[in-house]
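Contents: one structure, followed by commentary.
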Amino acid sequence: MPELPEVEVVRRGLEQWVAGRTVASVQVHHPRAIRRHLEGADSFVQALTGRTLTAAHRRGKYLWLPVAEPGGAPTGRALVAHLGMSGQLLVEKPSAPDETHLRARFTFTDRGRELRFVDQRTFGGLAVEELGAGDSVPPRLAHIAIDPLDEAFDVDAFSAALRRRRTEVKRALLDQTLIGGVGNIYADEALWRARLHGARPTDKLTRAQVADLLEGVRDVLGEALAQGGTSFDSLYVDVNGQSGYFSRFLAVYGQLDRPCPRCGTPIRRESFMNRSSYSCPVCQPRPRASSASARRP
DNA sequence: ACAACTACCTGGTCGC
DNA sequence: TGCGACCAGGTAGTTG
C-alpha cells in the first residue's frame, strides 16, 4: 500500500521523468479515476492538453504537478493525484500494452514515454485543482499535515496536539490532520519501535513517549524511503508495495506468529478500527481497560 | 468541535 | 470445479 515512502519514490520519478514536459493528449478510461474533478472529464482534458507540467510536489500521500501555459506562465492550477490503495503512476513507452486497470493516459509533445494512471481498486484519483496563493499547496489539501520528514515539522506542536486529543494513539497516527503520510503499515511499525500499544490513550502519553513515537515514525519512514529508493527502476515509476523490501524490513506488520525481532515473542494480530493491527504482546502490552478508549457509555 | 463509523472498490484466497 | 464469504485500507462524508 502506498504510504509516504512509496509516494515519495513516485514523486521523485515524476520529477525526473515528467516535470518540464508538455501534454499532447489526455485519455480518461474510467470516470471514477477523476471523480474528484467535479467539472467532468472534458474539463479535465481541456485543463491539461497543450500545457506543461512543471514540477512534482507531495504533501502526505498527495502529489501535485503545477500546470503552466505553453509560454511558461503558471495557470495557478495543478494536476493533483492520490494513489489510494492500489494506484500506480507509470512512465512507459507508448508501445507498451495497456494495463488491465489503466484509468488514464497522458501523452507528451516530445513523443516520448507516456504517463499512465493504473488503479485496480479505484480508490485513487486525479483532478485539476486550484493552487494556493503564490503557487503553494492546493487549498483542498491544506488540512493534510506536513510529514515528519519535513524540516518544518513542528515536534512540540505535534506533541501538544497529540496529548490534547482524547483518542487512541494509533488513530492519531493515522489522522492525516495531525501527521501526514502514515498509514496502517508504518503506524504499526512505529508503535512497535516505541513499545506502545495502539490503543494507548493519547492524553496519557508522556512527553518522552511521544518523542520515542515520533522517532519511531521518522526512522521507519526514512528507512523505508531508503529501501524504496534503491529498488527504484528509473524507467518505471513504481508504487508496487508488495515487492522488494517489504518482507525483509517489517518487524510486525503481517508477521503473525513470527517472533518479535526484539524479544522473540510471537507477534499477535488484533482487529482495530476495522483494520488489522500487528504488535508484540510483551513489548507492547495492551493498556488497562480503564483507559479513555474503554470508558463506559 | 471533536470523535468514530461507514461507503467506496476489486482481485485473491479460503472453506465447503 | 464452483461459489460465496471474507480480507486488504485511505479518504470523504456522515453520524453521534
Side-chain angles (χ1 to χ4, degrees), chain A residues 1-8 10-11 29-38 58-64 80-89 99-104 117-127 129 137-145 147 160-191 198-205 217 221 224 239-243 246-247 250 252-257 269-279 291-297:
Chain A
M1 310 306 158
E3 299 183 29
L4 186 152
E6 293 77 26
V7 179
E8 175 59 18
V10 173
R11 190 201 66 76
H29 292 250
H30 195 303
R32 196 174 149 78
I34 56 157
R35 66 191 180 285
R36 291 222 304 251
H37 188 92
L38 301 178
R58 179 185 61 76
R59 172 167 286 201
K61 303 166 197 168
Y62 278 94
L63 295 163
W64 74 95
V80 175
H82 196 290
L83 301 174
M85 306 270 311
S86 54
Q88 294 174 294
L89 284 165
E99 290 75 9
T100 304
H101 303 293
L102 178 64
R103 305 306 188 196
F117 180 61
V118 177
D119 189 12
Q120 178 212 113
R121 283 154 75 182
T122 68
F123 275 26
L126 306 172
E129 303 255 353
V137 187
R140 211 182 53 74
L141 309 186
H143 66 289
I144 305 289
D147 63 65
L162 196 65
R163 297 201 294 166
R164 207 182 304 128
R165 287 291 180 108
R166 298 188 63 82
T167 188
E168 298 168 343
V169 64
K170 182 164 177 182
R171 290 179 186 276
L173 280 181
L174 296 176
D175 184 341
Q176 304 295 304
T177 68
L178 278 178
I179 182 168
V182 180
N184 197 44
I185 295 168
Y186 294 118
D188 277 4
E189 293 296 311
L191 288 164
R200 295 281 288 262
T202 52
D203 57 346
K204 300 287 199 307
L205 293 178
V217 170
L221 292 180
V239 213
N240 185 358
Q242 305 303 315
S243 64
F246 254 49
S247 55
L250 294 175
V252 289
Y253 182 83
Q255 308 298 309
L256 179 64
D257 292 335
R269 175 178 176 274
E270 295 170 295
S271 189
F272 188 74
M273 298 174 63
N274 291 327
R275 303 273 183 272
S276 284
S277 289
Y278 297 89
S279 59
S291 69
S293 61
R295 62 184 183 273
R296 299 291 181 270

Between the protein and nucleotides 4-6 of chain C, which nitrogen or oxygen pairs are less than 3.5 angstrom apart?
none

Rounded interatomic separation in angstrom, taking [atom1] from [X] and [atom2] from [N]:
{"X": "K61(A)", "N": "dA12(C)", "atom1": "NZ", "atom2": "P", "value": "11 Å"}
{"X": "D119(A)", "N": "dA8(C)", "atom1": "CG", "atom2": "C1'", "value": "14 Å"}
{"X": "F272(A)", "N": "dG10(C)", "atom1": "CZ", "atom2": "C1'", "value": "16 Å"}
{"X": "L83(A)", "N": "dA8(C)", "atom1": "CG", "atom2": "C1'", "value": "16 Å"}
{"X": "I179(A)", "N": "dG10(C)", "atom1": "CD1", "atom2": "C1'", "value": "16 Å"}
{"X": "R35(A)", "N": "dG10(C)", "atom1": "CZ", "atom2": "C1'", "value": "10 Å"}
{"X": "Q88(A)", "N": "dG10(C)", "atom1": "CD", "atom2": "P", "value": "17 Å"}
{"X": "R36(A)", "N": "dT11(C)", "atom1": "CZ", "atom2": "C1'", "value": "7 Å"}

R166(A) side chain, from C-beta outward: closest of dG10(C), dA3(B), dA12(C):
dA3(B)
Consider the side chain of E3(A), meaning its heavy atoms from C-beta on, and name the nucleotide among dA8(C), dA12(C), dG10(C) that approaches it most closely.
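Nearest listed nucleotide: dG10(C).
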Less than 4.0 angstrom between a side-chain N/O of [X] and OP1 or OP2 of [N], yes or no?
{"X": "Y62(A)", "N": "dA12(C)", "answer": "yes"}
{"X": "H82(A)", "N": "dG10(C)", "answer": "no"}
{"X": "R165(A)", "N": "dA3(B)", "answer": "yes"}
{"X": "R140(A)", "N": "dA12(C)", "answer": "yes"}

5' to 3', nucleotides 5-11 of chain B under a 4.0 Å protein heavy-atom cut-off (B base, S sugar-phosphate only, - none) gives SS-BBBS
Would you please test K61(A) and I144(A) for side-chain contact (heavy atoms from CB on, under 4.5 Å) and show each step?
CA-CA 9 Å; K61(A) 303 166 197 168; I144(A) 305 289; over 6 Å; no
Show your reasoning for whether side-chain contact (heavy atoms from CB on, under 4.5 Å) applies to L83(A) and F117(A).
CA-CA 9 Å; L83(A) 301 174; F117(A) 180 61; 4.2 Å; yes
What bend angle does the helix from dC2(B)-dG16(C) to dC16(B)-dG2(C) show across its length, from five-pair end axes and to the nearest 10 degrees?
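End axes: 50° apart.
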Any chance the side chains of T122(A) and R32(A) put a donor and an acceptor closer than 3.5 Å?
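Judged by distance alone, the side chains do pair up.
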For H101(A), give me all partners under ring pair (Phe, Tyr, Trp, His ring centres under 6.0 Å), at least two apart in sequence or on another chain.
none
Report the residues that fulfil salt bridge (charged side-chain N to carboxylate O under 4.0 Å, His left out) with R140(A), sequence neighbours left out, ordered by chain and then residue number.
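If we apply the salt bridge (charged side-chain N to carboxylate O under 4.0 Å, His left out) test to R140(A), skipping adjacent residues, the hits are E129(A).
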Salt bridge (charged side-chain N to carboxylate O under 4.0 Å, His left out) with R163(A): which residues, sequence neighbours excluded?
none
Smallest heavy-atom separation, A145(A) atom then I179(A) atom, equals CB-N, 3.7 Å
What's S86(A) touching, base or sugar-phosphate or nothing? Going by heavy atoms closer than 4.0 Å.
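Answer is nothing: S86(A) stays at 4.0 Å or more from every strand.
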